[in-house]
Student: 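My structure is below; once you've seen it, I'll send some questions.
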2 protein chains.
Amino acid sequence: MTTRWLTPEEQRAWRAYVAASLLLEDAIDRQLQQDAGMPHLYYSILSVLSESPERRLRMTDLAERLKITRSRLTYAVTRLEKDGLLRREACRYDKRGSIAALTDDGFAVLDRAAPGHVETVRSLLFDRLSEEQVGQLEEISAAIAQGLQEDGARPASDDVPWRRRSSPACS
Amino acid sequence: MTTRWLTPEEQRAWRAYVAASLLLEDAIDRQLQQDAGMPHLYYSILSVLSESPERRLRMTDLAERLKITRSRLTYAVTRLEKDGLLRREACRYDKRGSIAALTDDGFAVLDRAAPGHVETVRSLLFDRLSEEQVGQLEEISAAIAQGLQEDGARPASDDVPWRRRSSPACS
DNA sequence: TAGGTTTGTTTCAAACTTGAACCAAGCCTG
DNA sequence: CAGGCTTGGTTCAAGTTTGAAACAAACCTA
């Protein structure tokens with residue numbers, strides 16, 4: 001089949017999107033590096049942990065939520081642990097398991113950095129979009145993400161319900 | 001002033017967006033790494049060059065179009081040059097200048113990889129969006145990008161027209 | 001035109017990411 | 001319960017990114 005090239009509208013949208021996402025991530029990384037001494041992803045790790053039951057999560061669950069590889073997460077967690085912002089704990093139900101638990105220091109860092117981060121996201125993103133556009137962005141993003149997460153490995157809906165691999169905090 | 005936290009709608013949109021952009025970039029990087037042996041950014045460098053007059057561009061102009069730092073570009077161009085996909089040339093009008101020029105090999109690689117790349121972008125993105133959403137995505141992206149590019153250094157509109165630092169290909 | 005500032009680019013070390021390989025522990029199935 | 005497959009996590013080397021510092025050439029301006 002001959003290639004279905006992008007239409008001019010699609011080209012424009014694609015280029016605009018690529019540019020915007022690059023610029024936005026860069027700006028957010030810079031802000032957080034400045035104010036919290038860590039890149040966006042690392043901040044997100046702390047943030048996700050802070051909202052999890054008992055402020056702890058298994059590595060795989062964490063990686064899944066953040067949409068990153070386990071290897072990448074291992075590296076990041078090692079750094080954050082060195083900084084004392086989280087602690088690794090053993091999982092008592094599964095000896096292979098490793099749990100990342102936010103420390104008080106970690107929570108404090110998050111707490112201090114959150115206002116600045118939110119302000120940045122707001123001023124760079126939401127202040128520039130109408131309410132309608134916020135909804136559109138969510139829908140578009142959800143559509144994209146959905147396509148990229150069809151696990152392929154996940155059983156059909158009438159199959160065994162997807163077994164939770166671990167209790168939320170496994171302890 | 002007390003922090004204006006994100007509304008639930010904004011939270012959802014933000015998280016969906018972050019997840020989607022991560023997943024999408026990853027998928028595209030993987031595809032291009034597979035099929036062209038280089039990450040998305042490197043492919044974009046070749047692509048931008050291929051559309052420029054004489055298939056060449058000054059480093060700074062290239063960096064500006066791609067929204068990346070000059071340092072990042074230097075590294076990437078060095079690699080691509082080693083691979084023989086582009087060549088660095090001196091700029092005769094400005095001895096500081098360096099020009100990246102696409103080689104025939106570079107063009108050939110691009111040519112071979114383009115259909116697969118487009119197919120990927122299409123299937124992961126455009127096939128999942130309505131025509132309307134494509135327009136929305138462009139507008140949203142443009143709004144974001146605009147906010148992030150107000151150079152601050154750029155002169156006011158009634159000032160001297162922004163001097164082009166280099167002719168398109170400077171040769 | 002000398003001296004100072006700006007611009008274009010590279011360099012360097014430190015940090016981060018990638019993907020494949022590895023190891024251990026859990027989970028079968030015969 | 002043994003062998004074999006799967007899952008959870010880390011390790012390692014190679015590749016990439018970052019940001020500050022270094023240079024050199026160009027551009028003032030007195």
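Here is the naming used below: chain letters follow the sequence lines, and residue numbers restart at 1 for every chain.
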Student: Would you name the heavy atoms of B:Pro39 and B:Arg79 that are closest together and state the gap between them?
Tutor: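 For B:Pro39 versus B:Arg79, the nearest heavy atoms are CD-NH2, 4.0 Å.
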Student: Let me know the distance between CG of A:Asp94 and P of C:dA24, rounded to the nearest Å.
Tutor: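 Rounded to the whole Å, the gap is 15 Å.
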Student: Within a 6.0 Å radius of atom CD on B:Glu131, are there more than 12 heavy atoms belonging to other residues, nucleotides or ligands?
Tutor: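 Open: at most 12 neighbouring heavy atoms sit under 6.0 Å from CD of B:Glu131.
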Student: Whole angstrom is fine here: how far is it from CD1 in B:Ile68 over to P in C:dG8?
Tutor: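 To the nearest whole Å, that distance equals 16 Å.
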Student: Measure from the side chain of A:Tyr75, starting at C-beta and using heavy atoms only, and say which of C:dT18, D:dT18, C:dC16 lies closest.
Tutor: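 Of the candidates, C:dC16 comes closest.
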Student: Quick one: A:Leu73 CG to C:dT18 P, roughly how many Å, whole number?
Tutor: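 Going from A:Leu73 (CG) to C:dT18 (P), I get 12 Å.
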Student: Are OP1 or OP2 of D:dA25 and a side-chain N or O of B:Tyr93 less than 4.0 angstrom apart?
Tutor: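 Indeed not, no polar side-chain atom of B:Tyr93 lies that close.
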Student: Does a nitrogen or oxygen in the side chain of A:Arg79 sit under 4.0 Å from OP1 or OP2 of C:dA15?
Tutor: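 For C:dA15, neither OP1 nor OP2 has a side-chain N or O of A:Arg79 closer than 4.0 Å.
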Student: Given the structure, check if the side chain of A:Ser71 and the base of C:dG19 hold any donor-acceptor pair shorter than 3.5 Å.
Tutor: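 Present.
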Student: B:Lys95 has an atom NZ; how far is it from atom C1' of D:dC23, in whole Å?
Tutor: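 Spelled out: NZ on B:Lys95 to C1' on D:dC23 is 16 Å.
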Student: Would you say A:Gln34 has more than 12 foreign heavy atoms packed within less than 6.0 Å of its CD?
Tutor: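 Open.
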Student: Hey, is the side chain of A:Thr74 poking within less than 4.0 Å of OP1 or OP2 on D:dT11, counting only N and O atoms?
Tutor: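 No, A:Thr74 has no side-chain N/O under 4.0 Å of OP1/OP2 on D:dT11.
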Student: Look at the side chain of A:Arg70 and decide which nucleotide, out of C:dA24, D:dT17, D:dG9, has an atom nearest to it.
Tutor: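 Among C:dA24, D:dT17, D:dG9, the one nearest the side chain of A:Arg70 is D:dG9.
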Student: Does A:Thr69 put a side-chain nitrogen or oxygen below 4.0 Å from OP1 or OP2 of C:dT17?
Tutor: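 Checking C:dT17 against A:Thr69, no side-chain N or O comes under 4.0 Å of OP1 or OP2.
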Student: Rounding to an integer number of Å, can you tell me how far B:Ile99 CD1 sits from C:dT10 C1'?
Tutor: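 From B:Ile99 CD1 to C:dT10 C1': 16 Å.
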Student: I need the NZ-C1' distance between B:Lys82 and D:dG15, as an integer number of Å.
Tutor: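 The distance from NZ of B:Lys82 to C1' of D:dG15 comes to 11 Å, rounded to the nearest Å.
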Student: Could you check which of C:dT17, D:dT16, D:dT18 has an atom nearest any side-chain atom of B:Arg72?
Tutor: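 Selected nucleotide (nearest to the side chain): D:dT18.
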Student: Distance check needed: C:dC16 C1' versus B:Asp29 CG, whole Å only.
Tutor: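 Between C1' of C:dC16 and CG of B:Asp29: 14 Å.
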Student: With nearest nucleotides of DNA chain C determined for B:Gln34 and A:Gln33 from heavy-atom distances, which residue corresponds to the more 5′ nucleotide?
Tutor: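 Checking each residue's closest nucleotide, the 5'-ward one belongs to A:Gln33.
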Student: C:dT10, OP1 or OP2 - any side-chain N/O from B:Arg88 closer than 4.0 Å?
Tutor: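 Yes, because at least one side-chain N or O of B:Arg88 sits under 4.0 Å from OP1 or OP2 of C:dT10.
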Student: Let me confirm one number: the CD-CD distance from A:Glu64 to A:Gln149, rounded to the nearest 0.5 Å.
Tutor: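 Result: 9.0 Å between the selected atoms.
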Student: Nearest-nucleotide wise, let me know which of A:Leu41 and A:Arg96 is further upstream toward the 5' end of DNA chain C.
Tutor: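 Here A:Leu41 is the residue nearer the 5' end.
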Student: Taking atom P of D:dT17 as reference, at what distance in whole Å does atom NE2 of A:His40 sit?
Tutor: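 In whole Å, D:dT17 P lies 19 Å from A:His40 NE2.
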Student: Would one find more than 12 heavy atoms of other residues, nucleotides or ligands at under 6.0 Å from atom CD of A:Glu51?
Tutor: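 Check passes, neighbour count above 12.
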